[in-house]
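All remarks here apply to the structure that follows.
Since this is a predicted model, take the numbers as computed values, not measurements. Side chains are part of it too, since the values below use all heavy atoms of this structure and drop only hydrogens, waters and symmetry mates.
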Amino acid sequence: MTARRPLIAGNWKMNMLKADGVALAAGVAAKRKADPSLACDVLICPPFTLISEVAKAVEGSGVAVGGQDCHAKTSGAHTGDTSPAMLKDLGCGYVILGHSERRTDHKETDAEVKAKAAAAHAAGLVAIICVGETLAQRDAGQTLEVNASQLKGSLPEGANADNTVIAYEPVWAIGTGRVATPEQAQEVHAFIRGELAKKVGETEAAKMRILYGGSMKPENAAQLIALPDVDGGLIGGASLKVEDFWAIARNCA
Ligand code: PGA
């Protein structure tokens, strides 16, 4: 029905020192190599410190590497920041942008996420743009309007199915063990696709991948990934163990 190839993306967040990170990446690469017919793209987003090592560990396996954030500028006086070109230079193909932890910890706004996504595109990276409502917003019946507004504010001009992936991550499901029900996920994913169509056109919106993120685990991944408008997952906790991450990816067989 859908021509969208799922994406299974691991977001390691601020976890892993060198030895464990390299072992984890090598473990995922070995699984990928042993499973050539797997019908999804597999991505690892380690912390900046491990991007080089992880890129080496997965080389030739088909596993892609991404950053967890980038700056909106190509270079310059921005102490502590990392430009999209630097990520690309290390072997990244993707970058996660606007994750709710960055929106909270670093007060990132939609406008900043949009500027970063435009810069990521210019550097040849695929931007994974995250949106999602808090529990208070869901309880207040604002879920759809919050997601629509974040999407509208964060999606740059020129976004298309090749350079952009959307991740719907309800904030109340991230790291909490409380996962969205299939009905809740499908409702928001279908809604997001409709909103995308207004911005990029129906054809492009139909091709664009929308990932679910928030306590996706081996036990609940199958039913989420099978939903018509869910095109894979952005996985935090369960991406830190080869077996768990791979059990999720295997749902795309
Ligand atoms: P989680 O994180 O799988 O640990 O809930 C998902 C994410 O924040 O990307």
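Here the closest heavy-atom approach between residue C130 and residue Q150 is recorded as O-OE1, 4.4 Å. For the residue pair G66 and P46, the shortest heavy atom distance occurs at O-CD, 3.3 Å. Closest of all the heavy-atom pairs between W172 and R178 is CE3-NE, 3.8 Å. Contact between A120 and V95 at its shortest, heavy atoms only, is CB-CG1, 3.7 Å.
Transitive grouping of hydrophobic side chains (ILVMFWY, heavy atoms separated by less than 4.5 Å) keeps V165 and L38 in distinct clusters. Taking hydrophobic clusters as Ile, Leu, Val, Met, Phe, Trp and Tyr residues chained together by side-chain heavy-atom distances below 4.5 Å, L43 does not share a cluster with L240. Connection of M216 to I210 is established within a shared hydrophobic cluster, with ILVMFWY side chains joined at heavy-atom distances below 4.5 Å, either directly or through further cluster members. The hydrophobic clustering, which links ILVMFWY residues whose side-chain heavy atoms are closer than 4.5 Å, places V113 and I174 apart.
Every pair passing ring-ring contact (aromatic ring centres under 6.0 Å, His included) that includes a residue from residues 66-99 is listed here, sequence neighbours excluded: H71-H78.
Comment: K56 does not engage E59 in a salt bridge, judged by the lack of any side-chain N to carboxylate O separation of less than 4.0 angstrom. Electrostatic pairing of R209 and D41 counts as a salt bridge here, judged by a charged N lying under 4.0 Å from a carboxylate O. A salt bridge links D110 to R103: one of the charged nitrogens lies within less than 4.0 Å of a carboxylate oxygen. A salt bridge links K31 to E243: at least one charged side-chain nitrogen sits closer than 4.0 Å to a carboxylate oxygen.
The backbone N or O of V171 sits nowhere less than 3.5 Å from a side-chain atom of T134 that would complete a donor-acceptor pair. Although no hydrogens or angles enter the test, the distance criterion places a donor-acceptor pair under 3.5 Å between the side chain of Q186 and the main chain of D229. Although no hydrogens or angles enter the test, the distance criterion places a donor-acceptor pair under 3.5 Å between the side chain of S239 and the main chain of G236. A donor-acceptor pair under 3.5 Å links the side-chain atoms of Q184 to the main chain of T181, judged by distance alone. Without hydrogens or angle criteria, S83 side chain to T74 main chain gives a donor-acceptor distance under 3.5 Å. In this structure, Q68 contributes its side chain and K13 its backbone to a donor-acceptor pair below 3.5 Å. Remark: the backbone N or O of D35 is paired with a side-chain donor or acceptor of R32 at under 3.5 angstrom.
Taking OH of Y212 as the start and CG of N220 as the end, the distance is 7.0 Å to the nearest 0.5 Å. The structure places CG of L7 at 8.0 Å from SG of C40, a figure rounded to the nearest 0.5 Å.
In this view, N163 and H121 satisfy the side chain to side chain donor-acceptor pair (under 3.5 Å) rule, not counting sequence neighbours.
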Does Q223 form a side-chain contact (heavy atoms from CB on, under 4.5 Å) with V179? I'd like the steps, not just the answer.
CA-CA 11 Å; Q223 53 177 353; V179 65; over 6 Å; no

Any chance you could lay out the side-chain contact (heavy atoms from CB on, under 4.5 Å) test for V126 and T164, step after step, and finish with the verdict?
CA-CA 5 Å; V126 176; T164 304; 5.8 Å; no

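Each of I225, N251, L211, V28 was compared with I8 under the side-chain contact (heavy atoms from CB on, under 4.5 Å) criterion, and only I225 meets it.
In K152, the NZ atom is not crowded: 12 or fewer heavy atoms of neighbouring residues, nucleotides or ligands sit closer than 6.0 Å. Crowding of E202 atom CD: a count of heavy atoms from other residues, nucleotides or ligands under 6.0 Å not exceeding 12. More than 12 heavy atoms of other residues, nucleotides or ligands sit less than 6.0 Å from atom NZ of K199.
For the pair T49/M14, no side-chain contact is recorded, criterion being any heavy-atom separation below 4.5 Å from C-beta on. Side-chain atoms of V42 and V58, non-hydrogen and from C-beta on, never get closer than 4.5 Å to each other.
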